[in-house]
Amino acid sequence: MILRSGRINLKRPCTPKISLSIRCYRDLPRDGFTNAPDSILALTERQLHQQPNHPLGILRSLIQNTLSHYKHLSAPSPIVSTYKNFDELEFPADHPGRSLSDSYYLNEKTMLRTHTSAHECDVFRQGTDKWLLTADVYRRDEIDSSHYPVFHQMEGACVWDDTHKDAHTAIASELQELESALKHTNIVTTDETINNNPNNPYQPTHRSLVAELIVKHLKMTLNLLVYDLFKHVQNTDNQPLQVRWIEAYFPWTGPSYELEVMWEGKWLELLGCGVMQQRTLERADVGHKSGWAFGLGLERIAMVLFGIPDIRLFWSQDSRFSSQFEAGKISKFVPYSKYPPCIKDVSFWVHTPFHENDLYEIVRECSQDLVESVECIDNFTHPKTNKNSLCYRINYRSMDKNLTNEEANDLHASVVDRLTKTFDIEIR
Ligand code: DAH
């Protein structure tokens, strides 16, 4: 049972200085949608993927080197219109990603991009055919070692001019090159997808031969890319790298797929991709072209390649982290002392239901990177009164210093205070 502390004078983790760009974001008109806190807006400045000695920067360069014939584009501002993030890509009106509990909004029409696909149409519109674009993306999410409200994605695409009479020959000759490169890899591919699957069909306007060639090109390009990354951590007993293709759904591609890699006995999802919907290309004024696109998460791959156990470490400014990495090199992270956790529970009766992501956001705002995980450990409904009670376990731990129990108590008191002020709940 948690007693509510009456203390208000809390030592809060230092709030980042308000920079010029945050002040600009703050100047945007606010409305009932505005839910992006300054602490998140401040992270737009960090640009970890641009730092050559940071694991995310190293991984970005590695991919760029592997796909060196793809033009690498610098990422535009993370502030995008909801049209760019969702509508241009045909996300349905009721897609959960649009909700205030899943995304950060500056106002009803402006948000922090939730994925790099938000820029696809603009890039195609500029006439670039083979390209990569890396950027920071923002999502309200749970709190644990693999989720952080900001992460990084790389988008890539390849299109051919369909009206060109040699289009097929161009794809086919590139396929030959990919095929011969794949011969030199130690990779086993399980493809669970079906050509022209009725549930994930080729597009009616695509001649099936073209669709098949594009799908082949997409899968081979990404098989090679994944091999090129994971060969750095392949076990010494020369076991092949196992990858698996599965069917997927994305509104702006058809057919759509996901690629997974076997890592430590489990399938790890790496990326989503597919053949660009002709409608989307038409919207980008390049309806005469066809091809594919993919989007991959950099953190998940970097955590494997560099052996980084907690996603918060990417944001650490502790030199014991940053000094371990060098541009162009994949090296194993050597953990420095892990400070002890301070575990605190909060239980309460719920009078009006709320979204869990809103609870996580409050914990994050009060504790920033000093919270390692939040987990619902009890959900109980009283048989007689029908009253619902929840208990959340919050694990406070700093990656850079010893967090005293008193500091953790202060953080926890501020969390409990904000929860009671925000939600219709009663602390037990
Ligand atoms: N944007 C998707 C995501 O964040 C990933 C993705 C899927 C990107 C399919 C693509 C694509 O370009 O074609 O989950």
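For ligands, and for the atoms within them, numbers begin at 1 and follow the listed sequence.
Applying the side chain to side chain donor-acceptor pair (under 3.5 Å) definition to pairs two or more places apart or across chains, none involves residues 261-272. For residues 94-121, the pairs satisfying ring pair (Phe, Tyr, Trp, His ring centres under 6.0 Å) are F33-Y105, F91-H95, F91-H115, H115-W252, with sequence neighbours left out.
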Can you give me every donor-acceptor pair (side chain of residues 213-222, partner residue at least two apart or in another chain, under 3.5 Å) with its distance?
from : atom 1 : to   : atom 2 : distance (Å)
H217 : ND1    : W292 : NE1    : 3.0
H217 : NE2    : E174 : OE1    : 2.8
K219 : NZ     : D191 : OD1    : 3.4
K219 : NZ     : D191 : OD2    : 2.9
K219 : NZ     : T193 : OG1    : 2.7
T221 : OG1    : H217 : O      : 2.6

### Task
Could you give me the CA-CA distance, side-chain angles and deciding distance for F321 and F333, then say whether ring-ring contact (aromatic ring centres under 6.0 Å, His included) is met?
CA-CA 8 Å; F321 177 78; F333 169 63; 5.7 Å; yes
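Ring geometry, F354 versus Y392: the interplanar angle falls from 30° to 60°, so the pair is classed tilted. Relative orientation of the W131 and F124 rings is perpendicular, given thresholds of 30° and 60° on the angle between their planes.
Near ligand 1, H115, S117, E120, R139, Q153, E155, F250, W252, T253, G272, C273, G274, A293, F294, G295 each place a heavy atom less than 4.0 angstrom from the ligand.
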